[in-house]
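Data block below; observations after.
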Amino acid sequence: MIAQALFTPAQQKLLGLLFVRVNEGFHLNEIMRLTGLGSASAQRELRRLHDSGLITSERIGNVRRFWPNKESLVYPELSGLVQKPSA
């Protein structure tokens with residue numbers, strides 16, 4: 001419920017994927033397939049989350065992978081919020 005008030009539906013999907021499967025890291029095509037987001041909205045929201053410091057990315061070969069930013073000051077709270085079932 002709180003996540004719905006704070007984040008757009010697209011951001012909720014991205015955060016749900018990245019903050020639940022924390023150590024996996026995903027590339028854009030995986031993110032689109034697993035969240036159902038289109039390319040433009042996935043890229044836009046990933047850029048917003050990256051610019052805000054909530055997620056990080058790394059280029060591995062010719063693919064960029066995304067992870068939650070565990071160094072972010074709000075990581076523990078955001079992780080708990082995302083993983084908490086909605087009531």
Side-chain angles (χ1 to χ4, degrees):
M1 194 87 138
I2 294 173
Q4 292 174 339
L6 297 174
F7 301 106
T8 67
Q11 289 171 338
Q12 291 174 47
K13 289 179 181 181
L14 291 170
L15 292 171
L17 175 64
L18 295 172
F19 279 74
V20 171
R21 296 168 66 177
V22 170
N23 296 315
E24 293 183 42
F26 297 93
H27 60 76
L28 180 61
N29 287 336
E30 287 177 308
I31 290 170
M32 290 176 4
R33 179 174 48 82
L34 294 169
T35 62
L37 296 172
S39 177
S41 61
Q43 289 182 55
R44 178 181 57 248
E45 297 303 337
L46 286 167
R47 184 174 19 261
R48 285 181 181 167
L49 293 170
H50 189 273
D51 290 348
S52 71
L54 296 178
I55 65 171
T56 187
S57 67
E58 179 182 3
R59 183 170 284 290
I60 301 173
N62 62 350
V63 175
R64 181 164 297 281
R65 298 188 76 79
F66 297 89
W67 288 274
N69 182 2
K70 293 179 181 179
E71 300 300 317
S72 169
L73 294 176
V74 297
Y75 173 80
E77 291 83 5
L78 185 57
S79 180
L81 178 67
V82 169
Q83 294 181 27
K84 200 170 283 189
S86 60

Return yes if some donor-acceptor pair links the side-chain N/O of [X] with the main-chain N/O of [Y] below 3.5 Å, else return no.
X	Y	value
R59	N62	yes
S41	L37	no
S79	P76	no
Q12	F7	yes
N69	G53	yes

Test of understanding: with side chain to side chain contact (heavy atoms under 4.5 Å, CB included), list the residues that count as partners of H27, not counting sequence neighbours.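 N29, E30, V63, R65.
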Any idea which heavy atoms bring V82 and G16 closest together, and the distance?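 Smallest heavy-atom distance, with atoms named: CG1-CA, 3.6 Å.
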Over all heavy atoms of both residues, which pair between I55 and H50 is shortest? Give the atoms and the distance, please.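 That closest heavy-atom pairing would be CG1-N, 3.5 Å.
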Can you tell me how far apart [atom1] ([X]) and [atom2] ([Y]) are? Round to the nearest 0.5 Å.
X	Y	atom1	atom2	answer
L18	L78	CG	CG	10.5 Å
E45	I31	CD	CD1	12.0 Å
L46	M32	CG	CE	10.5 Å
T56	L49	OG1	CG	12.0 Å
Q11	S52	CD	OG	8.0 Å

Pairing residues for F26 by the ring-ring contact (aromatic ring centres under 6.0 Å, His included) criterion, not counting sequence neighbours: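 In terms of ring-ring contact (aromatic ring centres under 6.0 Å, His included), with neighbours along the sequence ignored, F26 is linked to no residue.
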Find out whether [X] and [Y] are in side-chain contact, i.e. whether some heavy atom of one side chain is under 4.5 Å from a heavy atom of the other.
X	Y	result
N23	K70	yes
L34	R21	yes
F19	L14	no

For atom CD of E71, is the number of surrounding heavy atoms from other residues, nucleotides or ligands below 6.0 Å larger than 12?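 No, the 6.0 Å shell around CD holds no more than 12 heavy atoms from other groups.
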Crowded around I60 CD1? As in, over 12 foreign heavy atoms under 6.0 Å?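 Yes.
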Starting from the C-alpha separation in whole Å, work towards a yes-or-no answer on side-chain contact (heavy atoms from CB on, under 4.5 Å) for E58 and W67. CA-CA 9 Å; E58 179 182 3; W67 288 274; 3.7 Å; yes
